[in-house]
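To start, the structure itself, in structure tokens.
Order of the sequence lines fixes the chain letters, A, B, ..., with proteins taken first and strands second; residue numbering starts at 1 for each chain. It should be emphasised that the depicted structure is a prediction, and the values quoted were computed from it without experimental measurement.
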Amino acid sequence: MCGRPHIGGMPALPSRPDRWIETRPEGLYVRPGDFYVDPIRPVGRAVITHGHSDHARSGHGAVLATAETARIMAARMGAAAPSTQALAPGVAMAIGPVTVRLVPAGHVLGSAQVVLEHAGCRVVVSGDYKRQADPTCAPFEIVPCDVFVTEATFGLPVFKHPPAEAEIARLLDSLRLFPDRAHLVGVYALGKCQRVMALLRRAGYDRPVYLHGALIALCTLYDELGCDLGSWLPATGAAKADLKGQVVLCPPSALSDLWSRRLPDPLIVAASGWMRIRQRARQRGVELPLVISDHADWPELLATMADTGAGDIWVTHGREEALVFAARQQGRRARALAMVGREEDDAE
Amino acid sequence: MRAFAELMERLVYTPSRNGKLRLLTDYFGRVGDPDRGWALAALTGDLSFNAAKPGLIRALAAQRVAPELFGWSYDFVGDLAETVALIWPEPAVPAAAPGLGEVVTTLAASGRSETPALIERWLDALTATERFALIKLITGGLRVGVSARLAKTAVAAMGGRDVGEVEELWHGLAAPYRELFQWVEGRSGRPVIDDRTAFRPLMLATPLEDGELERLAPADYRAEWKWDGIRVQVAGDGRSRRIYSRTGDEIGQAFPDMLEAITFDAVLDGELLVARDGVVAPFNDLQQRLNRKRVTAKMLADFPAWVRLYDLLAEEGEDLRPLPFDARRSRLDAWFARVAPGRMDLSPMLPFAGWPDLEALRGNARARSIEGIMLKRGDSPYLAGRPKGPWFKWKRGPLTIDTVLLYAQRGHGKRSSYYSDFTFGTWREGQEGWALVPVGKAYFGFTDAELVKLDRWVRAHTVERFGPVRAVAPELVLEVAFDSVHRSSRHKSGVAMRFPRIHRIRWDKPAIEADRLATLESLIEG
């Protein structure tokens, strides 16, 4: 670690990052700076990688995040949002003896990797990330480091996400074939929803997209932040006949809920990396599974570990065992942090 | 391969028949020959490979992926073909992807020792979805929920034709069916086939509605028992011998004993049964013989097949279908007396003077293997499909029993937001007193308005949830109608009903007054 030869069995050296970064029940704790990264319980000081609810919780004393993440947290939590200091991407900030930078992670709007430097050692906490292009957020940037802390949501070699554009083409093809059916697409409210909308626009789809009420606040925020989603309308209140052959977006939980009864003969679509697995799609009664994910797939996980040049890989959540195995095959030291509290299923 | 793989993918997830039809006709219309013809053959079961066993596919993947990674992935995915399709490492520069036709013809032309290298080369050239379709195709199990008949219906629909027309031609055609597609697309005439044993689409009866009988003149109609077996068409021309199901699928392979009896040149319509010394066995016995690729000598001895004849469609090349029923029946009687075929007998005509006679017969028709009465107009020619009027089926009244709703499951497609599949039970006394034991499941018989009410009731009375299933408080009585009940070792209750449906929802009746399992057991026949 940190360029020093690692000799098995020797007492740990003080500057090793596993001496100054700890896994605590609250989350990843950076001791010299006295702050946590993405804590799952209320803490005094937190650095938040992105706005998904399993990473950005309420109740912290002070929060450091990108300006977009701060806006997203405010939109989702309202008055319960912690007071947040915005840090622009790439700008270094000292928290005690630790230097902190936020660098785009390509996961959702505002998502960032947290770059931590202390005692000549650089640790990058990726949060969630992906390498595939996404019109709604800045692309992932490689930061060479000593320790790369990675997610492993799709940490099995069966996960290879096809290009999202090709999946959107399948949705448009289905609209052509079933022009009398509303296409109800289950999407996560933050990121997936807006990415699907932006991809539809890029594919030339120019009709309004209808939205479930739970998606409206964040789409409004994306509009305000200058992300072009094209025209959209609330699905609630629209006449049933007008929804024939339209794209309607809703949270995954609403797909088979009473809510969907307002739609004309809905064709159930879901956009998620999990849709790669047939059993998952079938369990949810999905008729058109679209493999669109905001997480790195297996080849991206492997490529990213190599690109960072990190000698040490720490895996936070997901399918840790396979990724740890693959990292060791690449000649890196690797271990699972066994972080708790991360959602793995629909929240993708 | 891309269009075929995408079609397979969409079919497997599309529950509704109309949705599947639309996917199929769109594919057949967009994709050229010969690929679409091979796809049709794959769907109708006329293209079967066992070029590769699952073991070979697994071994190919093992050469590319570390065993640990494969093991974790297989555990997660749960299906071998799917795991291999997904895990296959894609080369940086993929090879040219093969078309479906290329896969089919290359495989057919190559020896067993060459197949592993071929499959490996193709897997390298395809996407994950295509790899899955390829593996399913060559290991012989597409399983996309499309019957042969539905695939043929889609082809017929391309030219606005009836599926019967395609079925009639089917056994005279061969994959990739170029002349069939040309014909339905109006680019050439109807293919000419010369096959005396080709399938003749069946004439079907419509159910007799309440009050319909009074409008019919008894003298115009002939009556027979409605047998509780499966409808078959038996065809021979002295050389080939065929047994078709009602949808034109050949099922002779499962009935070698019947095939052996087809020593004649004729096409007959009848009911396939299991019979011992002329005594018909319950439907459950016949079920032992259905859907089997191979039959053992023991099965042949224990469950001997039999056909009860009721119509003669062709005799020595002469098409009798345009003749009236009475004339065909005379020809059938004469033919039977002359040929005296083995393993067959005639379905007797039921003499009657007026409808009351028949009603009395039907009322007593609780004997095994009788489902009710058939009414056929004496002057009716044999017409394909289900014309309204010439033939009626008059089923005996259903049995009913009062049960208690135990579980409800979400439906599919249009019903995916409704709890529409209902598991119900009856009372049984056990060691811990009286308890409800599940006896069946029904998902029809109620109106849309009743479904809305049932759905609301289920949501309000849920006591436990297991994924898409809810256990409900045992408080709602459902009167269930069913055709018959049989012993079953596969069910906890020891009984299985045929065609259970919700007859009435007894909002008024307390659960304690529902029937006992013993009542259901007393209705077992045979």
So which part of [X] gets closer than 4.5 Å to some heavy atom of chain B, the side chain, the backbone, both or neither?
X	answer
A/Trp298	side chain
A/Arg176	side chain
A/Gln283	neither
A/Pro289	side chain
A/Leu255	neither

- Does the side-chain contact (heavy atoms from CB on, under 4.5 Å) test come out yes or no for B/Tyr13 and A/Leu288, once each step is laid out? CA-CA 7 Å; B/Tyr13 291 115; A/Leu288 179 63; over 6 Å; no
- Please round to the nearest 0.5 Å and tell me the distance separating atom CG of B/Asp26 and atom CG of A/Asp173.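 One finds 6.5 Å between CG of B/Asp26 and CG of A/Asp173.
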- Quick one: pull up CZ in B/Arg10 and CG in A/Leu177 and give me the separation to the nearest 0.5 Å.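 If we round to the nearest 0.5 Å, B/Arg10:CZ and A/Leu177:CG are 7.0 Å apart.
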- Message: Counting only heavy atoms not in B/Arg2 (residues, nucleotides, ligands), do more than 12 fall under 6.0 Å from its CZ?
- Response: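 No.
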- Query: Does OH belonging to B/Tyr407 count more than 12 external heavy atoms closer than 6.0 Å?
  - Reply: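 Count not over threshold, so no.
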NZ/NE/NH1/NH2 to OD/OE distance under 4.0 Å, [X] and [Y]:
X	Y	answer
A/Asp180	B/Arg22	yes
B/Asp455	A/Arg261	yes
B/Glu9	A/Arg278	yes

- Query: side-chain contact (heavy atoms from CB on, under 4.5 Å) between A/Gln279 and B/Asp79: does it pass, once the steps are laid out?
  - Reply: CA-CA 9 Å; A/Gln279 193 51 32; B/Asp79 177 86; over 6 Å; no
- For B/Glu82 and A/Ile277, what are the C-alpha separation, side-chain angles and deciding distance, and is it a side-chain contact (heavy atoms from CB on, under 4.5 Å)? CA-CA 8 Å; B/Glu82 190 179 349; A/Ile277 306 298; 4.2 Å; yes
- Query: Given that the side chain runs from C-beta out, which part of B/Arg456 has a heavy atom under 4.5 Å from chain A: side chain, backbone, both or neither?
  - Reply: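 For B/Arg456, there is no contact with chain A at all, as no heavy atom is under 4.5 Å.
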- Side chain, backbone, both or neither: which part of B/Phe132 has a non-hydrogen atom closer than 4.5 Å to chain A?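 Only the side chain of B/Phe132 comes within 4.5 Å of chain A.
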- Measure the acute angle between the ring planes of A/Phe325 and B/Trp72, then classify it against the limits of 30° and 60° as parallel, tilted or perpendicular.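 Correct class here is perpendicular.
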Taking all non-hydrogen atoms of both residues, which atom of [X] and which atom of [Y] are closest, and how far apart?
X	Y	answer
A/Lys160	B/Leu86	NZ-O, 2.8 Å
B/Val12	A/Arg282	CG2-NH2, 4.1 Å
A/Asp257	B/Ser417	O-CB, 3.5 Å

- Message: Using side-chain heavy atoms (C-beta onward) and a distance below 4.5 Å, is A/Phe159 in contact with B/Ile87?
- Response: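 No. Closest side-chain heavy atoms not under 4.5 Å.
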- Considering only heavy atoms and a distance below 4.5 Å, find which of B/Gly19, B/Gly78, B/Ala85 pairs most often with chain A.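 Top count of heavy-atom pairs under 4.5 Å with chain A: B/Gly19.
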- Query: Could you go step by step and tell me if A/Leu156 and B/Leu69 meet the side-chain contact (heavy atoms from CB on, under 4.5 Å) rule?
  - Reply: CA-CA 7 Å; A/Leu156 280 175; B/Leu69 293 176; 5.8 Å; no
